[in-house]
A.B. asks: 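This is the structure I have questions about; it appears just below.
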Amino acid sequence: MGKPFDIGLERLTGQASTSGAPQRVEVSGRGTFFLETFGCQMNDHDSEKVAGVLLSRGYHQVETPDAAALILYNTCSIREKAAQKVFSRLGEYREKQSEGKIIGVLGCVAQQEGEDIFKRAPWVSLVCGSASYSKLPQMIAQLEAGNHRVTGLDTDTDETFETEMTRRDNPWRAYLTIIEGCDKACSYCVVPYTRGPERSRASDSVLKEVRQLAELGYSEVQLLGQTVNSYADPTPRKMRFSELLLTVADVPGIRRVRFTTSHPSDFTPDIVEAMESQPKICDHVHLPVQSGSTKVLQAMQRTYTRREYLEKIAMIRDAKRAIAITTDIIVGFPGETEDDFRETLSLLDEVKYNSLFSFKYSPRPNTPSLAMPDAIPEEEKSRRLAVLQEKQREIQTIRNEKLVDRTFELLVSGKSRRENQWSGYTTSHVVVNFASQAKELLGTYVQVRITGATPNCLVGEQVV
Ligand code: SAM
Ligand code: SF4
């Protein structure tokens, strides 16, 4: 997927928005906090909720660690590089504690490293995994009381993280976690250890928040979960995931409903039927395959074969309207032979994904694949990654060129420094940079005719 213009929305709009809470924040009484987030959309959204907890306790968010009394890192450990980045960042803050600053580590690295973080970085005072976020107010209270070693590391929970207030960064598109944790057991993945067991949020609570969001002016909601389509409503209503999609789309003011990430094994025909019957549900499914080889999929414990995955793809492609499909792929999993890798390349030829995220396999602590034989050398992983990305580039070049001269509706999300240049994205989540003479377009929906294409992005002009 392409990159939109890189001007922050806050700078464009002069504000970020808070939702779901009465306006009773005192910013004068308590301290200041700085929060940096690493990782995926779920981490971004967790940070929005953590910020909401702090704002409702009277804290004030600042833009630099130097200006903050409380410095928090919401971390990611899905691949080794992400975890390393967090420790190098923590190293930069060794001196800050002596200046009286409180430093906290949240998220996956916190959960994975636990109290060892206090040994490795003794200047840290708070270590809290995402499964303990619901106890964050009590932990903050302990820090305020002067406690220098506060932990939240329990993963044995059936609670979801519900906040009175969420400080959302984007004023038009709202993330909303509907399912936390993961009950799958992919052999390479830290998520079941770092985020705990699967917990679905009550459907009435999700819908209440969507109504509040619509009243605040949000027109696009993105339902989040590691396996979002495994949603299991804990209320007597027992709403299915497809029903939840339809009910969210019915909320007045909502124009687009997205969901990510879907697990192929739980991708059922009723989801496609819901998409067919309700155009507000966006034309996009992110369906990670990880490998095109059934042998590798089995070693990964992915719970489907290549053939079963392709049946899901056929079901989506047979829908009454075109639905974009994107995926995640790991190259260089232990034991992946050249033939296995070729099967992944042939899967790309068969599916012709709209775009994909690709990763070199990264051995992670506590995961079954860590002990697997036949590790692939780093240079070979890099070679396979480059070959895969080149193939996908060719596929996207052909795909995108076919879009020239077509007209799409965009939600405008960015404004370029260049005059009359804007960016937005289609329902299928393709970024389009376009020209328009309009004075103000941010947050509105416009029709744009495509005039040019690159593998990662489209160029166009507004149709007026
Ligand atoms: N829950 C989602 C799913 O099942 O597809 C994705 C979770 S993960 C945050 C996002 C992607 O990171 C995965 O789809 C996978 O491709 C990649 N990933 C996870 N663990 C990895 C590892 N150990 N090495 C390399 N990539 C990894
Ligand atoms: Fe990790 Fe697999 Fe769960 Fe996705 S489904 S979060 S890859 S264990």
Side-chain angles (χ1 to χ4, degrees), residues 1 37-46 74-84 107-109 111-112 129-131 155 175 177-200 222-231 241 259-267 285-293 296-304 309 312 325-336 344 347-348 353 355-372 375-376 378 381-382 384-385 388-389 392:
M1 272 170 261
T37 310
F38 300 82
C40 61
Q41 286 154 328
M42 288 204 73
N43 265 14
D44 284 339
H45 184 43
D46 283 346
N74 185 4
T75 62
C76 170
S77 65
I78 201 87
R79 284 168 291 278
E80 197 183 357
K81 260 200 188 141
Q84 272 169 359
C108 294
V109 173
Q111 191 66 53
Q112 191 175 288
S130 66
T155 50
Y175 291 140
T177 300
I178 62 162
I179 174 168
E180 293 178 19
C182 182
D183 277 354
K184 305 277 191 263
C186 304
S187 60
Y188 52 81
C189 184
V190 290
V191 169
Y193 308 94
T194 57
R195 288 190 169 268
E198 201 173 281
R199 289 104 58 205
S200 290
Q222 179 156 355
L223 307 183
L224 296 179
Q226 291 296 342
T227 55
V228 72
N229 56 328
S230 314
Y231 178 77
F241 175 64
F259 55 98
T260 198
T261 295
S262 295
H263 193 284
S265 297
D266 296 335
F267 207 88
V285 175
H286 185 62
L287 201 68
V289 64
Q290 315 298 358
S291 168
S293 150
V296 174
L297 288 172
Q298 273 164 0
M300 289 178 164
Q301 289 167 211
R302 275 299 283 186
T303 71
Y304 51 84
Y309 179 85
K312 304 282 176 175
I325 305 176
T326 56
T327 200
D328 292 348
I329 288 180
I330 298 176
V331 297
F333 189 76
E336 183 190 69
T344 299
L347 187 91
L348 258 54
Y353 291 106
S355 77
L356 58 76
F357 296 102
S358 50
F359 311 101
K360 288 191 271 182
Y361 168 71
S362 170
R364 305 308 297 126
N366 301 319
T367 57
S369 64
L370 194 60
M372 286 182 185
I376 308 299
E378 208 48 40
K381 284 189 209 171
S382 300
R384 290 183 191 178
L385 189 70
L388 181 100
Q389 289 178 342
Q392 181 60 22

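Counting starts at 1 for both ligands and their atoms, following the listed order. Along the sequence shown, residues carry numbers from 1.
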A.B. asks: Looking only at atom types and distance, does a side-chain atom of Asn229 sit under 3.5 Å from a main-chain N or O of Phe241, one as donor and one as acceptor?
C.D. replies: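 Not confirmed, Asn229 side chain does not pair with Phe241 backbone.
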A.B. asks: Just to verify, what does Asp44 make a salt bridge (charged side-chain N to carboxylate O under 4.0 Å, His left out) with, not counting sequence neighbours?
C.D. replies: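 Asp44 satisfies salt bridge (charged side-chain N to carboxylate O under 4.0 Å, His left out) with no residue once adjacent residues are dropped.
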A.B. asks: Pick out the protein N or O atoms lying less than 3.5 Å from any N or O of ligand 1, and list each pair with its distance.
C.D. replies:
from: ligand 1; atom 1: 1 (N); to: Gln226; atom 2: O; distance (Å): 2.7
from: ligand 1; atom 1: 1 (N); to: Gln226; atom 2: OE1; distance (Å): 3.2
from: ligand 1; atom 1: 4 (O); to: Arg302; atom 2: NH1; distance (Å): 3.2
from: ligand 1; atom 1: 5 (O); to: Gln290; atom 2: NE2; distance (Å): 3.4
from: ligand 1; atom 1: 12 (O); to: Arg79; atom 2: NH1; distance (Å): 3.1
from: ligand 1; atom 1: 14 (O); to: Gln290; atom 2: NE2; distance (Å): 2.8
from: ligand 1; atom 1: 14 (O); to: Asp328; atom 2: OD2; distance (Å): 2.6
from: ligand 1; atom 1: 16 (O); to: Gln290; atom 2: OE1; distance (Å): 2.7
from: ligand 1; atom 1: 23 (N); to: Tyr188; atom 2: O; distance (Å): 3.0
from: ligand 1; atom 1: 23 (N); to: Ser362; atom 2: O; distance (Å): 2.8
from: ligand 1; atom 1: 24 (N); to: Ser362; atom 2: N; distance (Å): 3.0

A.B. asks: Give a yes or no on whether the backbone of Gln290 and the side-chain of Asp328 come within a donor-acceptor separation of less than 3.5 Å.
C.D. replies: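 Not at all, since once roles are kept as given, no pair shorter than 3.5 Å links the two residues.
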A.B. asks: When you measure from the side chain of Tyr309 to the backbone of Leu287, do you find a donor-acceptor pair of N or O atoms at a distance under 3.5 Å?
C.D. replies: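 Between the backbone of Leu287 and the side chain of Tyr309 there is a qualifying donor-acceptor contact (under 3.5 Å).
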A.B. asks: Apply salt bridge (charged side-chain N to carboxylate O under 4.0 Å, His left out) to Arg364 and list each qualifying residue two or more places apart in sequence or on a separate chain.
C.D. replies: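 Not a single residue meets the salt bridge (charged side-chain N to carboxylate O under 4.0 Å, His left out) criterion with Arg364.
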A.B. asks: Which residues and atoms, protein N, O or S only, are under 2.8 Å from atom 1 (Fe) of ligand 2?
C.D. replies: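 Result, waters dropped: Cys189 SG.
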A.B. asks: Has the side chain of Thr75 got a donor or acceptor atom that lies under 3.5 Å from a matching backbone atom of Val109?
C.D. replies: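 A pair under 3.5 Å: yes.
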A.B. asks: Taking only Lys NZ, Arg NE, NH1 and NH2, and the carboxylate oxygens of Asp or Glu, determine whether Asp46 and Arg195 approach each other closer than 4.0 Å.
C.D. replies: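 Arg195 and Asp46: salt-bridged.
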A.B. asks: Quick check on contacts: which atoms of ligand 2 are under 4.0 angstrom from a heavy atom of His263?
C.D. replies: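 Answer for ligand 2: 5 (S).
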A.B. asks: What is the distance from atom CZ of Arg384 to atom OG of Ser358, rounded to the nearest 0.5 Å?
C.D. replies: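 Arg384 atom CZ to Ser358 atom OG measures 14.0 Å (nearest 0.5 Å).
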A.B. asks: Can you tell which part of Thr227 has a heavy atom less than 4.0 Å from ligand 2: side chain, backbone, both or neither?
C.D. replies: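 Thr227 to ligand 2: side-chain contact only, backbone stays beyond 4.0 Å.
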A.B. asks: So, the side chain of Tyr304 versus the backbone of Val289: is there a donor-acceptor pair under 3.5 Å, distance only?
C.D. replies: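 Between the backbone of Val289 and the side chain of Tyr304 there is a qualifying donor-acceptor contact (under 3.5 Å).
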A.B. asks: If you measure from the Lys or Arg side-chain nitrogens to the Asp or Glu carboxylate oxygens, is any gap between Asp266 and Lys312 under 4.0 Å?
C.D. replies: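 The answer is no: the pair does not qualify as a salt bridge.
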A.B. asks: Would you please say whether a donor-acceptor pair under 3.5 Å links the side chains of Ser187 and Gln301?
C.D. replies: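 Side chains of Ser187 and Gln301: no pair found under 3.5 Å.
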A.B. asks: Does at least one non-hydrogen atom of Arg302 fall below 4.0 angstrom from an atom of ligand 2?
C.D. replies: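 A heavy atom of Arg302 does come that close to ligand 2.
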